[in-house]
Amino acid sequence: MEYGFLLRIVLAGVCGAFIGYERKSRMKEAGIRTHLVVAVGAALMMLISKYGFEDVTGKSGIALDPSRIAAQVVSGVGFLGAGMIFMQRQTVKGLTTAAGIWSTAGIGMAIGADLYIVGVGTTILILIAQKLLHSKINWLETPKTEQLTIRLINELGAIDFIQDFLKERDITVLHFHTKKLKESSELVLDITIKLPKNYEVEKLLPLIQISPFVTVVEVQ
């Protein structure tokens with residue numbers, strides 16, 4: 001019987017690895033190892049929840065609720081997912097990865113509960129959804145935002161040049177923060193921008209060559 005349980009854990013790990021590979025291929029916070037371990041751990045806890053107390057179930061004076069272990073898995077994975085969500089220059093990062101970790105735990109629990117079709121089917125559904133939503137289908141595309149850090153010489157017209165450069169390329173400034181460096185005569189401009197469709201952020205890098213004011217261009 002335990003070999004069958006081990007097979008469930010292995011299958012859960014494979015499903016988690018597939019989801020982790022998709023996340024890793026997009027350079028996200030959690031990759032193959034994290035998703036694999038979450039799926040394996042969830043499957044293990046589900047097996048313990050279902051079968052770990054069979055030797056004492058039904059005995060006089062003992063009352064158990066095996067589902068409590070499975071319920072704690074959901075709560076525990078919630079804390080793990082919360083650690084992957086962070087703010088970066090007024091933009092929330094890691095939400096999809098956190099949701100993927102939570103769903104991966106559910107897949108592991110499903111396979112651990114002997115619901116193979118549900119677990120594998122959910123894995124396929126998540127992979128298809130991620131692939132489709134990252135495709136170039138116009139009506140599915142979300143606004144593309146980037147964070148830039150620009151250091152420029154503190155001279156009259158420097159910020160106006162940056163504004164004109166972005167406006168000419170139909171780039172919208174969503175948020176900005178400017179500060180003056182005390183140790184030098186430079187300004188640091190942190191901006192969040194929305195790029196037009198099919199516009200690659202690498203096209204902004206020549207800004208340092210064509211501007212007499214810019215000294216550093218960094219894409220976050």
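Below, all heavy atoms of this structure are taken into account, side chains as well, without hydrogens, waters or symmetry copies.
Taking OG1 from Thr34 and CD1 from Ile101, the interatomic distance works out to 5.5 Å, rounded to the nearest 0.5 Å. Here the CD1-CZ distance, from Ile193 to Arg169, works out to 11.0 Å after rounding to the nearest 0.5 Å. Thr172 OG1 to Lys194 NZ: the interatomic distance, rounded to the nearest 0.5 Å, is 5.0 Å. The CD1 atom of Ile124 sits 10.5 Å away from the CD1 atom of Ile19 when rounded to the nearest 0.5 Å. Note: Phe5 CZ to Ile48 CD1 = 11.0 Å, rounded to the nearest 0.5 Å. For the atom pair CD1 of Ile171 and CG of Leu195, the computed distance is 5.5 Å after rounding to the nearest 0.5 Å.
With hydrogens and angles disregarded, no donor-acceptor distance shorter than 3.5 Å links the side chain of Ser49 to the backbone of Met45. Distance alone, capped at 3.5 Å, is enough to place a donor-acceptor pair between the Thr215 side chain and the Arg151 backbone.
Residues Gly13 and Leu36 share a closest heavy-atom pair of O-CG, 3.7 Å. Closest heavy-atom contact between Ala39 and Ala12: CB-O, 3.2 Å. Shown here for Thr123 and Cys15, the closest heavy-atom pair between the two residues is OG1-CB, 3.3 Å.
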Discussion item. Is there a side chain to side chain contact (heavy atoms under 4.5 Å, CB included) between Leu187 and Lys179? Walk through the geometry before answering.
Written reply: CA-CA 6 Å; Leu187 298 175; Lys179 65 179 178 180; over 6 Å; no
Item to complete: List the steps and the verdict of side chain to side chain contact (heavy atoms under 4.5 Å, CB included) for Glu186 and Asn154.
Response: CA-CA 5 Å; Glu186 288 186 330; Asn154 185 17; 5.9 Å; no
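By the 6.0 Å contact criterion, CD1 on Ile210 is enclosed, its count of non-hydrogen atoms from other residues, nucleotides or ligands being greater than 12. Counted within 6.0 Å of CZ on Phe213, heavy atoms from surrounding residues, nucleotides or ligands total more than 12; the atom is thus considered enclosed. When the shell of 6.0 Å around CZ of Arg33 is examined, it contains 12 or fewer heavy atoms from other residues, nucleotides or ligands.
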Pair up each side-chain donor or acceptor in residues 107-114 with any protein partner under 3.5 Å, not counting sequence neighbours, and list the distances.
none

For residues 160-167, dump all side-chain donor-acceptor pairs below 3.5 Å to protein atoms at least two apart in sequence or in another chain.
none

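Hydrophobic cluster membership of Val216, counting Ile, Leu, Val, Met, Phe, Trp and Tyr whose side-chain heavy atoms lie under 4.5 Å apart directly or via other members: none, as it forms a cluster of its own. Using a 4.5 Å cut-off between side-chain heavy atoms of Ile, Leu, Val, Met, Phe, Trp and Tyr, Ile32 falls into a hydrophobic cluster with Tyr21. Cluster note: Leu181 groups with Val188 through ILVMFWY side-chain heavy atoms spaced under 4.5 Å, whether in direct contact or through intervening members.
By the criterion of side-chain heavy atoms lying less than 4.5 angstrom apart, applied directly or through intervening Ile, Leu, Val, Met, Phe, Trp or Tyr residues, Leu115 is not grouped with Ile9; the two fall into different hydrophobic clusters. Hydrophobic clustering of Ile, Leu, Val, Met, Phe, Trp and Tyr side chains at less than 4.5 Å, counting indirect connections, keeps Ile191 apart from Leu174. Hydrophobic clustering, with ILVMFWY side chains joined whenever heavy atoms are under 4.5 angstrom apart, groups Leu204 together with Ile159. Linking ILVMFWY side-chain heavy atoms closer than 4.5 Å, directly or via other members, places Trp102 and Val40 in a single hydrophobic cluster.
The side-chain heavy atoms of Val120 and Leu11, taken from C-beta on, include a pair separated by under 4.5 Å. Counting heavy atoms from C-beta on, the side chains of Tyr116 and Arg8 come closer than 4.5 Å.
For Val217, the side chain to side chain contact (heavy atoms under 4.5 Å, CB included) partners at least two apart in sequence or on another chain are Leu205, Leu207, Ile208, Val214.
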